[in-house]
Amino acid sequence: MPELPEVETVRRGLSPHLEGNRIEKIEIRRPDLRFPFPPDIVGELTGQIISEVDRRGKYLLFRMENNSILLNSLGMSGRWTLTGGKVSFTPGTFAHGAAIGTGDGPHDHLVIDFHNGLRATYTDARRFGYIHLIKSGISEDEDRFLRVLGPEPLEPNFDATILAQNLRNRNSPIKNTLLDQSVVVGLGNIYVNEVLNRSGVSPRRISSSLVKKNGKPGTQLELIVDQIREVLSEAIDAGGSTLQDFRGVSGDDDLGWFPVNFRVYGREGEVCLKPGCSGVVRRIVQSNRSTFYCARCQR
DNA sequence: CGTACCCCCTGGCTGC
DNA sequence: TGCAGCCAGGGGGTAC
């Protein structure tokens, strides 16, 4: 579920509480999520101090002082809850949230207890998420999950030229290609719809048609790059403010689902909210996933 | 290499 | 109220 802004919001919520904190105990409540838990995770991480809570694309990276990394994909329904000490909250909780994870719920699969009494619980009803361990001494470039990722859209090294390179030989619709994390990381099924609407580009457009014959980005591709940055940044800002409101509160499942005003997503049959447009939002299916767009202003 | 499909799993909502 | 059917924010694996 979570796309880049949601994962970033979770990261920001966890980081001040976990960084510098020592892991006293790790408990695994079932053998697997999407994949089996790494067999040596308990031995490898017990006693370690978390030096940084980082993010790459939609992955959370818990960097340890011994340079090993706990990688976590939230899948569709994964979330973290902090309890104990002075805090009790779930950063970036999602709309379909079940009970807050205290470590005893039916979907509380991983529980980490820290030196200072804090407990971090990973909850994931659908179990599409997973936990992966990058051992100390293994380079991130060699890791099977990290090495295939495309550029970070909010970093300076992402621009229309890079994207054009990644799209020039792509023969599938732009909506599908932008969801491919090897092309650019972070976009999911909500924000990709919003980006294309704001850019005025049809989700059905063949990706390579947005690249000029000389390999340079066309005007519409430049717009897409601008809108990727803008949509993701706005959503992060919205998530940040929501998180502040959520701090210290518990049990409200509606908070944390960011108050972004979607112009097309989930709005089939309603009027397109692009300023000046009076089109109607359509829903189509691409690669078995819903696409929302306005055929009037997206070409 | 690129692309198309299938699948993993639970829960919420809608309509009968 | 029960239940079937459909839908959901991701993405790995495999076959072509």
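Lettering of chains follows the sequences in order, A, B, ..., and the numbering in each one begins at 1.
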Using atom [atom1] of [X] as one end and atom [atom2] of [N] as the other, report the distance to the nearest whole Å.
{"X": "A:R170", "N": "B:dA4", "atom1": "CZ", "atom2": "C1'", "value": "13 Å"}
{"X": "A:D124", "N": "B:dC8", "atom1": "CG", "atom2": "P", "value": "16 Å"}
{"X": "A:M76", "N": "C:dG10", "atom1": "CE", "atom2": "P", "value": "6 Å"}
{"X": "A:N189", "N": "C:dG9", "atom1": "CG", "atom2": "P", "value": "4 Å"}
{"X": "A:N176", "N": "C:dG11", "atom1": "CG", "atom2": "C1'", "value": "13 Å"}
{"X": "A:I190", "N": "C:dC7", "atom1": "CD1", "atom2": "P", "value": "17 Å"}
{"X": "A:L178", "N": "C:dG9", "atom1": "CG", "atom2": "P", "value": "16 Å"}
{"X": "A:D180", "N": "B:dC5", "atom1": "CG", "atom2": "C1'", "value": "15 Å"}

Can you find a side chain N or O atom of [X] that sits less than 4.0 Å from OP1 or OP2 on [N]?
{"X": "A:N169", "N": "B:dG2", "value": "no"}
{"X": "A:S172", "N": "B:dT3", "value": "yes"}
{"X": "A:Y130", "N": "B:dC9", "value": "no"}
{"X": "A:R289", "N": "C:dG9", "value": "yes"}
{"X": "A:H107", "N": "B:dG11", "value": "yes"}
{"X": "A:Y191", "N": "C:dG9", "value": "no"}

Review point. Between A:K175, A:E3, A:Q286, which is the residue that forms a side-chain hydrogen bond (donor to acceptor under 3.5 Å, both in side chains) with A:N189?
Key: A:K175
Practice item. Start with the C-alpha distance between A:T81 and A:T121, add both sets of side-chain angles, then the distance that settles side chain to side chain donor-acceptor pair (under 3.5 Å), and finish with yes or no. Key: CA-CA 5 Å; A:T81 303; A:T121 299; over 6 Å; no
Practice item. List in numerical order all residues of residues 279-288 of chain A for which some heavy atom is under 4.0 Å away from an atom belonging to DNA chain B. Key: none
Check your understanding: Under 3.5 Å, is there a donor-acceptor pair between the side chain of A:Q298 and the main chain of A:C294?
Key -> yes
Check your understanding: Within the distance-only criterion (no hydrogens, no angle test), does the side chain of A:N72 pair as donor or acceptor with the backbone N or O of A:I131 below 3.5 angstrom?
Key -> no
Exercise for review: Validate the cation-pi geometry between A:R126 and A:F128: distance from NZ or CZ to the six-membered ring centre under 6.0 Å, angle to the ring axis within 45°.
Suggested key: yes
Review point. For A:L146 and A:Y59, what are the C-alpha separation, side-chain angles and deciding distance, and is it a side chain to side chain contact (heavy atoms under 4.5 Å, CB included)?
Key: CA-CA 9 Å; A:L146 295 180; A:Y59 297 144; 4.0 Å; yes
Scan nucleotides 13-16 of chain C against the protein and return all N/O pairs shorter than 3.5 Å with their distances rounded to 0.1 Å.
unit_1: C:dG13; atom_1: OP1; unit_2: A:R144; atom_2: NH2; d: 2.9
unit_1: C:dG13; atom_1: OP2; unit_2: A:R144; atom_2: NH2; d: 3.0

Point to revise | Intermediate values then yes/no, side chain to side chain donor-acceptor pair (under 3.5 Å), A:S136 and A:N66 | key: CA-CA 6 Å; A:S136 158; A:N66 73 348; 5.0 Å; no
Practice item. Counting Watson-Crick and G-U wobble pairs only, both distances under 3.5 Å, name the nucleotide matched with B:dC9, or none. Key: none
Exercise for review: Any strand is fair game: report the nucleotide pairing with C:dG9 by Watson-Crick or G-U wobble, both distances under 3.5 Å, or none.
Suggested key: none
Point to revise | Test applied, salt bridge (Lys or Arg N to Asp or Glu O under 4.0 Å); reference residue, A:E8; option that passes from A:R55, A:K58, A:R56 | key: A:R55
Practice item. Classify the side chain of A:R126 versus the base of B:dC9 as yes if they form a donor-acceptor pair under 3.5 Å and no if they do not. Key: yes
Practice item. Answer with yes or no after comparing the ring centroid distance for A:Y122 and A:Y130 against a 6.0 Å cut-off, counting only values under it. Key: no
**Study point:** Check: A:F145 ring centroid to A:H132 ring centroid under 6.0 Å
**Key:** yes
Check your understanding: Which listed nucleotide (B:dG11, C:dG12, C:dC7) is nearest to the side chain of A:Y59?
Key -> C:dG12
Check your understanding: For A:F128 and B:dC8, are the ring centres under 5.5 Å apart with planes inclined under 30°?
Key -> yes
